[in-house]
Amino acid sequence: MYELVINGKFFYHGEIVEGHIGISDGKILEFSKSALKGEETIKTGLHEVILPGMIDVHVHLRDFNQKHKETIESGTKAALHGGITTIFDMPNTNPLIMDKETFKKRIAIFKKKAYADYALSFLLANNCEEAKNVNADFYKIFMGASTGGIYSKNFENDYKCAPRRVSVHAEDYELIQKFPDRPNIVEVKAIEKALTSAEKFKKPLHICHVSTKEGLSIILEKNRPWISFEVTPHHLLLTKEDFKHNNMLKVYPPLRTKDDLHFLWRYIDEIPIIASDHAPHTLEDKESGSAGIPGLETELALLFDAYNRGLLSLNDIVEKTSLNPAKVFGLKNKGFEIGKDADLIIVNLREEWKVKPEEFYTKAKWSPWESKKLKGKVKMTFLRGRLVMEEDEIIGKPGGKRIETS
Ligand SMILES: [Zn+2]
């Protein structure tokens with residue numbers, strides 16, 4: 001007898017099959033074609049499918065001195081609402097997470113307030129000794145300034161020092177001074193530099209939000225197993241033309257040309273990870289020029305909408321949003337397998353809904369997708385076997401746990 005059995009169509013080894021998932025103690029314990037006994041059974045409806053929860057490897061949750069923009073509580077609720085069961089917290093907060101004390105404070109808030117599971121990061125910028133004193137789940141380097149204003153003056157030294165995988169924001173600080181609009185070259189030069197160091201040290205490197213044709217090309221050419229990268233839904237779906245009509249779409253790296261966008265889609269099969277770069281600001285902050293857009297509550301739905309338009313397969317979505325992030329970052333208990341955490345979502349692939357940011361959990365009460373109709377909606381989210389979101393409602397208390405790495 002399992003604590004919970006979910007019955008319906010689910011994703012299994014690249015295919016959608018019909019059957020039953022047995023869950024106890026927060027873990028997936030059995031996949032079965034025949035019925036399983038459960039203390040509780042959930043039967044999914046027509047057009048619904050059970051998929052692994054998303055692991056979003058790029059999320060800014062602010063908090064600390066920027067609670068008006070987002071808190072760990074509001075941001076992790078937004079995550080569950082969007083079908084994301086694990087988030088990777090970024091360290092360019094105020095204060096910056098680049099010393100042991102601040103890192104400890106971050107741990108304490110997450111322990112109390114997180115609704116989703118989480119990985120914690122530490123910012124590297126000439127603070128190598130300090131970095132060795134913390135046991136972060138991943139490390140972040142900015143090669144040029146973004147929100148928070150910090151950047152690494154010596155990428156190679158900082159990268160060399162990192163005890164675990166480094167996520168890098170690849171925009172070159174010197175070129176940003178020269179070209180404040182951050183054209184392609186700003187990203188491409190930084191990616192080249194990062195790849196050169198990665199060749200030298202052969203240490204795990206993750207390149208954030210690749211947005212340019214040339215940048216993607218050189219990463220794919222290198223094709224090294226220790227190098228991973230991500231692309232955001234906004235770079236896949238919006239261009240600089242959209243930004244011309246809407247100032248709110250200011251992001252770093254900026255939106256690119258149609259040509260860049262088409263190139264990303266042409267090589268979509270080679271892109272291992274999709275991540276939101278959820279970067280919430282208040283409306284006032286956006287109007288005064290802050291870069292970044294919220295994404296947690298729309299990103300999976302946008303991908304399901306893309307699936308409905310024939311642009312992506314469900315297998316693509318599952319791999320890029322869940323299986324690959326778990327593999328790349330070595331998450332011990334994540335992955336849609338027997339013995340792993342029962343982090344699941346139930347999605348209605350046919351349901352159409354309108355994006356209404358005023359109903360979202362994020363404190364950024366706006367969205368680039370406002371009023372847009374999307375086809376495909378996350379109906380339920382389960383975190384380690386516990387129903388934590390149903391029909392837009394967050395259920396229960398903060399129950400997020402820090403991930404374990406292998
Ligand atoms: Zn970011």
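Start at 1 and go down the list; that is how both ligands and their atoms are numbered.
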Chemist: Hey, does the side chain of Asp305 reach the backbone of Lys375 with a donor-acceptor pair shorter than 3.5 angstrom?
Modeler: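 The answer is yes, because a donor-acceptor pair under 3.5 Å joins these two groups.
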Chemist: Under 3.5 Å, side chain of Lys160 to main-chain N/O of Phe201, donor-acceptor pair present?
Modeler: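 No, because the side chain of Lys160 does not come within donor-acceptor range (under 3.5 Å) of the backbone of Phe201.
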Chemist: Pairing donors with acceptors under 3.5 angstrom, does anything connect the side chains of Asn348 and His47?
Modeler: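 Looking only at side-chain atoms, His47 and Asn348 do not form any donor-acceptor pair under 3.5 Å.
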Chemist: Hey, which protein N/O/S atoms does the Zn ion (ligand 1) have under 2.8 Å?
Modeler: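 Protein N/O/S atoms under 2.8 Å of the Zn ion (ligand 1): His58 NE2, His60 NE2, Asp277 OD1.
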Chemist: Looking only at atom types and distance, does a side-chain atom of Asp117 sit under 3.5 Å from a main-chain N or O of Lys401, one as donor and one as acceptor?
Modeler: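 Yes, the answer is positive, given that a donor and an acceptor are paired below the 3.5 Å cut-off.
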Chemist: Does Lys202 reach the main-chain N or O of Glu199 with its side chain, forming a donor-acceptor pair under 3.5 Å?
Modeler: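 Present.
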Chemist: Side-chain contact, heavy-atom cut-off 4.5 Å: Thr71 with Asp63?
Modeler: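 Answer yes - side chains close enough.
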